[in-house]
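Take a look at the structure below.
Residue numbering restarts at 1 for every chain, and letters A, B, ... go by the order of the sequence lines.
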Amino acid sequence: MTFTHAQPLETVVDDVEVSFEMDEEAFRAFYDRTARPLWNYLSRMTGESQAADDLLQETYYRFLRSRAGWTSETHRRAYLFRIATNLVRDRHRRARYRNLVALPDPDRDARCVAAGDHAEATLQRTDLRRAMSRLRPRERALLWLAYAQGQAHTEIANVLGVKTESVKLLLFRARRKLAGLLRRPSGHQDGGHAL
Amino acid sequence: VRRIECTREDDVLDALSSDRWPDRADQELRDHVASCEICADLVDVAGPILVDRDAATPEPRIPSSAVMWWRAQMRARQEAAREAERPITVAQVIAATSALVLIVGLAITVAPWLRTLLPEGTTTDVASLFGQAALLGHGWLLPAVMLCVWFVLTPLAIYFVVVED
C-alpha cells in the first residue's frame with residue numbers, strides 16, 4: 001500500500017489490505033454459533049450488559065486478528081473464550097486498581113421481567129447474580145463454563161489456562177462456595193464484591 | 001480424604017438440563033441427591049445457573065455477524081494504515097527535533113553578533129543564563145551539547161508521538 005502523508009487517514013483506510021485467518025463466510029457462521037453464549041458468559045463474568053457488549057466486540061476482533069491456526073471447532077471455541085476470559089481478567093484488574101465496584105444492572109432485570117418470566121424465577125436469578133458477584137472471577141468462569149455452557153474439563157482448562165486435573169478440585173470448591181451463598185438468606189448476600 | 005466428585009453428577013446434570021428435575025426424575029436419583037452432599041450442591045448451583053442461562057437467551061443487544069465483520073475490517077484497516085504511517089511520523093519527529101536543536105544552536109552562535117545591535121547591557125543577563133560564553137569558548141562544546149540534547153529529546157518525542165497514536 002502506498003499513500004502520501006498529505007492524505008488524511010480516513011481516505012486511505014479503504015485502500016488498505018487486511019486479511020484475517022478466517023474468511024467472512026466462516027466467521028459469520030462461527031459468530032452465529034458462539035456470539036450468544038459468549039455474550040452470556042461475558043455478562044455473567046462482568047455483571048454488566050454494557051461491559052459485555054464492549055468485550056464481545058473486542059473478543060471477536062482479537063480472535064480475528066490472531067494467527068492461532070485452529071485445528072478444530074472445539075479449539076477455536078476454546079480460544080475465543082480464552083480471549084474473553086483474559087479480557088475480563090484485565091478489566092477486573094483495572095477495576096480493582098481504580099477501586100471500582102460493579103453496579104447492579106437494573107434494566108437487565110426489567111427486561112427479564114418484561115419478557116414474561118415468573119417473579120419467582122426472576123428472584124432466583126437475582127439471588128444467583130448476587131451470589132455470583134461474591135465469587136472470584138475464575139470461580140464464576142468455572143461454574144458458568146461447566147454448567148451453563150456444558151464444557152468438558154479439558155475445554156475449561158484450555159479457556160482458563162489451568163491444568164485439566166485442577167479443574168475438578170477448583171470446580172468443587174467454587175460449587176461449594178456458591179451453594180453456601182445461595183443457601184444463606186437474601187439479606188446476607190447484599191454488598192457484592194468488586195468484580 | 002474428602003470426596004470432591006460423585007459418580008452420579010452426570011445423571012443429576014442431565015436431569016437438570018432436560019428439565020426433569022425434580023418432579024420427573026427417578027425416585028432413586030432424588031434419594032441419592034438427598035443423601036449426597038456433592039449432588040445436593042450441584043442441584044443448588046447448576047439449577048439456578050441453567051435457569052439464568054435460558055432466561056438470558058433473548059438478549060437483543062448482540063450485533064449481527066455482518067456488522068461485527070465490517071467493524072473488525074474497518075478497525076484492522078485503520079490500524080494497518082496507522083502502522084504504515086508510523087515511519088513518516090517518526091521521520092517528522094526526527095526532523096522537528098533536529099530543527100529545534102539547530103535553531104537553538106544557531107541562536108546561541110549568533111547571539112554575540114545580535115547583542116552588538118542592541119543597546120548596551122540589555123542581553124548580558126540572558127547570555128550568562130544560557131552559559132553562552134562558556135559554550136562558545138570551546139569550538140567543540142556547542143556541537144557536543146547540541147548532539148546530546150538531540151539524542152535525549154528525539155527518542156522522548158518519538159515515544160510520546162507513538163504512544164499517542
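Scanning both residues, A/Leu182 and B/Pro48, for their nearest heavy atoms gives CD1-CG, 4.3 Å. Considering all non-hydrogen atoms of both residues, A/Tyr31 and B/Pro63 come closest at OH-O, 2.6 Å.
No single ILVMFWY cluster, assembled from side-chain heavy atoms under 4.5 Å apart, contains both B/Ile38 and B/Leu29. In this structure, A/Tyr60 is not a member of the same hydrophobic cluster as B/Val67, with clusters built from ILVMFWY side-chain heavy atoms closer than 4.5 Å. Clustering ILVMFWY residues whenever any of their side-chain heavy atoms sit less than 4.5 angstrom apart, transitively, puts B/Val149 in a cluster other than the one holding B/Leu106.
Looking at B/Ile4, both its backbone and its side chain come within 4.5 Å of chain A, counting heavy atoms on both sides. B/Glu83 does not touch chain A: none of its heavy atoms, backbone or side chain, sits under 4.5 Å away. Only the backbone of B/Ser64 comes within contact range of chain A, with at least one heavy atom under 4.5 Å from a heavy atom of that chain. Residue A/Leu143 touches chain B through both its backbone and its side chain, counting heavy-atom pairs closer than 4.5 Å. Neither the backbone nor the side chain of B/Leu16 has a heavy atom closer than 4.5 Å to any heavy atom of chain A.
Listed by chain and number, the residues in a side-chain contact (heavy atoms from CB on, under 4.5 Å) with B/Gln27 are B/Arg30, B/Asp31 (sequence neighbours excluded).
Of residues 161-175 of chain A, those residues lying under 4.5 Å from chain B by any heavy-atom pair are A/Lys168, A/Leu169, A/Phe172, A/Arg175.
Here the two rings, on B/Trp69 and A/Phe20, have centers that are under 6.0 Å apart.
Side-chain contact check for A/Tyr61 and B/Gln73: no donor-acceptor pair (N or O, by modelled atom type) lies under 3.5 Å.
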Take B/Asp52 and A/Tyr147 through the test side-chain contact (heavy atoms from CB on, under 4.5 Å) and record every step on the way to the result. CA-CA 11 Å; B/Asp52 195 34; A/Tyr147 302 132; over 6 Å; no

Are B/Asp44 and A/Arg176 close enough, and set up right, to give a salt bridge (charged side-chain N to carboxylate O under 4.0 Å, His left out), and what steps lead you there? CA-CA 10 Å; B/Asp44 287 348; A/Arg176 277 262 76 186; over 6 Å; no

Could you give me the CA-CA distance, side-chain angles and deciding distance for B/Met68 and A/Phe27, then say whether side-chain contact (heavy atoms from CB on, under 4.5 Å) is met? CA-CA 10 Å; B/Met68 190 59 85; A/Phe27 171 75; 3.8 Å; yes

Applying side-chain contact (heavy atoms from CB on, under 4.5 Å) to A/Arg65 and B/Arg75, what does each step give before you reach the verdict? CA-CA 10 Å; A/Arg65 293 290 294 197; B/Arg75 191 170 152 189; over 6 Å; no

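Residues B/Ile49 and A/Leu178 have side chains in contact (heavy-atom distance under 4.5 Å, counting atoms from C-beta outward).
A/Glu25 contributes atom CD, which lies 11.0 Å from atom OG of B/Ser65 (distance to the nearest 0.5 angstrom).
Between the side chain of B/Arg53 and the backbone N or O of A/Ala148, at least one donor-acceptor pair lies under 3.5 Å.
Ion pairing between a basic and an acidic side chain is recognised when a charged N comes within 4.0 Å of a carboxylate O; A/Arg183 and B/Asp41 show such pairing.
No more than 12 heavy-atom neighbours from other residues, nucleotides or ligands sit within 6.0 angstrom of CZ on A/Arg136.
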